[in-house]
Amino acid sequence: MATFLEKLKGGVIGAFLGDALGKEVEGRKRLPEESIKEIESPGYVWDGDYTDDTEMMISIMEALLEREFDPELLAQKFVENYHSYRGYGRGAKKVIRLLKEGHSWSEVAKLSFPGGSFGNGAAMRIAPIGLFYFYDENLLIKNAILSSIITHYHPLGVEGGVLMAYAISMALKKDPRTFLPIDFLDVLIEKEADIREEVYKYTYRYEGEDKEIYLYALKKAKGFLLENGVNLSRVKRQLGTSSKAHRSVVTAIYLFLKHFDTPFEGMMDAIRMGGDTDTIACMVGAIGGALNGMGVFPTEKIDRLTDEGKGKSYVLSLSEKLYKRLKDKGVL
Ligand code: F2R
Ligand code: MG
Ligand code: MG
């Protein structure tokens with residue numbers, strides 16, 4: 001089995017790779033098989049650059065290392081690292097503008113959409129929280145919520161972030177040789193109501209008719225796994241591929257479980273389906289990398305990830321520092 005450090009690197013580099021590959025076709029309808037074959041092929045040449053998903057994940061890693069864990073500092077990092085050309089959601093852009101204007105981190109997310117954002121931006125960036133707080137479930141949930149509510153105040157947006165952090169954390173602690181996808185999903189199904197209640201403490205009690213949408217989606221995903229061989233159009237229709245958290249987080253969890261020992265194939269399914277391809281592939285990569293380690297991804301694809309700006313080498317160096325911090329804390 002991969003070492004803890006390889007799994008930690010796998011979680012963040014998996015997210016980076018999914019983002020960098022998926023961004024090439026974000027927002028398109030279902031992709032033709034020729035395009036998929038081209039992206040999959042070892043000789044595929046692309047810029048290996050990343051988008052908001054990875055840029056915001058880097059902010060979380062930096063904030064964890066500097067002052068674990070302070071949402072005010074994370075909000076500052078989001079502002080410092082922001083590049084509009086990386087393709088941010090409109091709610092996220094507004095939050096960052098308000099932060100720049102001096103508004104408090106604890107107030108801005110309430111202003112992005114009425115009731116707050118339910119976009120998948122909290123979930124797409126959350127890998128470092130899942131990887132770092134693996135040793136304490138209460139801290140994991142609390143800090144997953146705190147890292148989310150800076151930009152996402154809608155309970156569905158925050159719950160998507162927490163479920164993703166929880167899934168990544170669980171994957172990190174599992175051995176891929178004895179991994180059982182249905183057992184993994186059963187834990188999430190069992191935990192969902194507790195997570196939702198915890199989210200309400202930091203946001204508000206959401207009484208919309210879709211308040212149990214994650215529970216339904218997780219159960220649907222279980223049905224798909226048991227059916228074995230469900231076509232992707234059905235997955236897309238029933239679980240979603242949009243930038244709403246409740247229409248993409250469980251999709252990523254399902255694709256990970258379907259391809260748990262070959263997560264690159266899960267990423268390719270995310271890309272094949274179209275829609276929010278960078279973000280769904282990013283989340284599949286984060287969970288799949290945390291379970292298997294960085295070595296599970298094709299070397300030629302990892303080699304092509306950009307090193308410019310805060311690119312691959314920088315992200316890997318942050319992973320090593322987080323690993324060292326965990327050792328110093330005595331939890332490894
Ligand atoms: N924004 C994009 N992609 C489009 C542009 C990419 C293009 N290549 C370019 O360069 O311009 N991708 C990124 O955004 C998603 C994450 O979004 P986040 O951070 O959650 O932002 P936001 O705006 O808060 O939510 C996303 C969308 O969800 C809808 N939405 C959210 N809350 C809503 C509410 N309460 N009511 C109605 N709609 C709501 C809106 O359409 C939001 O814009 C990722 O895909 C990332 O890759
Ligand atoms: Mg993006
Ligand atoms: Mg996206």
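Both ligands and their constituent atoms are indexed starting at 1 by order of listing. Because only heavy atoms are used, hydrogens play no part in the values below, and waters and symmetry mates are left out as well, while side chains stay in.
Counting protein heavy atoms only, atom 13 (C) of ligand 1 is closest to Asp52 OD2, 2.9 Å. When hydrogens are left out, the protein atom nearest atom 28 (O) of ligand 1 is Ser243 OG, 3.8 Å; that is the closest non-hydrogen contact.
Residue Glu26: an N/O/S atom is found under 2.8 Å from the Mg ion (ligand 3). The Mg ion (ligand 3) does not have Asn120 among its coordinating residues (no N/O/S atom, backbone or side chain, under 2.8 Å). The distance from the Mg ion (ligand 3) to the nearest N/O/S atom of Asp276 is under 2.8 Å. The Mg ion (ligand 2) has Asp53 among its coordinating residues (N/O/S atom, backbone or side chain, under 2.8 Å). The Mg ion (ligand 2) does not have Tyr88 among its coordinating residues (no N/O/S atom, backbone or side chain, under 2.8 Å).
Considering just the N/O/S atoms of Asp52, the one nearest the Mg ion (ligand 2) carries the name OD1. Closest approach between the Mg ion (ligand 2) and any N/O/S atom of Asp278 involves OD2.
Looking at Thr279 next to ligand 1, an N or O pair under 3.5 Å apart turns up. Among the atoms of Lys244, none of the N or O lies under 3.5 angstrom from an N or O of ligand 1. Checked against a 3.5 angstrom limit, the closest N/O atoms of Asp276 and ligand 1 fall inside it.
By the 30° and 60° cut-offs, the orientation of the rings of His154 relative to Tyr206 is perpendicular.
When each atom of ligand 1 is checked for a heavy atom of Ala92 under 4.0 Å away, the hits are 19 (O), 21 (O), 23 (O), 24 (O). For ligand 1, the atoms sitting less than 4.0 Å from at least one non-hydrogen atom of Asp53 are 46 (C), 47 (O), numbered in the order shown with element in parentheses. Those atoms of ligand 1 that come under 4.0 Å of a heavy atom in Gly121, given as number and element, are 16 (C), 18 (P), 19 (O), 20 (O). The contact set between ligand 1 and Arg90, taken as ligand atoms under 4.0 Å from a residue heavy atom, comprises 23 (O), 40 (C), 41 (O), 43 (O). For ligand 1 and Asp278, the ligand atoms under 4.0 Å from any heavy atom of the residue are 47 (O). For ligand 1, the atoms closer than 4.0 angstrom to any heavy atom of Gly116 are 35 (N).
Side-chain polar atoms of Asn81 and Ser59 form a donor-acceptor pair below 3.5 angstrom. For the residue pair Ser233 / Arg30, a side-chain donor-acceptor distance below 3.5 Å is found, with atom types taken as modelled.
Residue Lys93 does not touch ligand 1, judged by heavy-atom distances below 4.0 Å.
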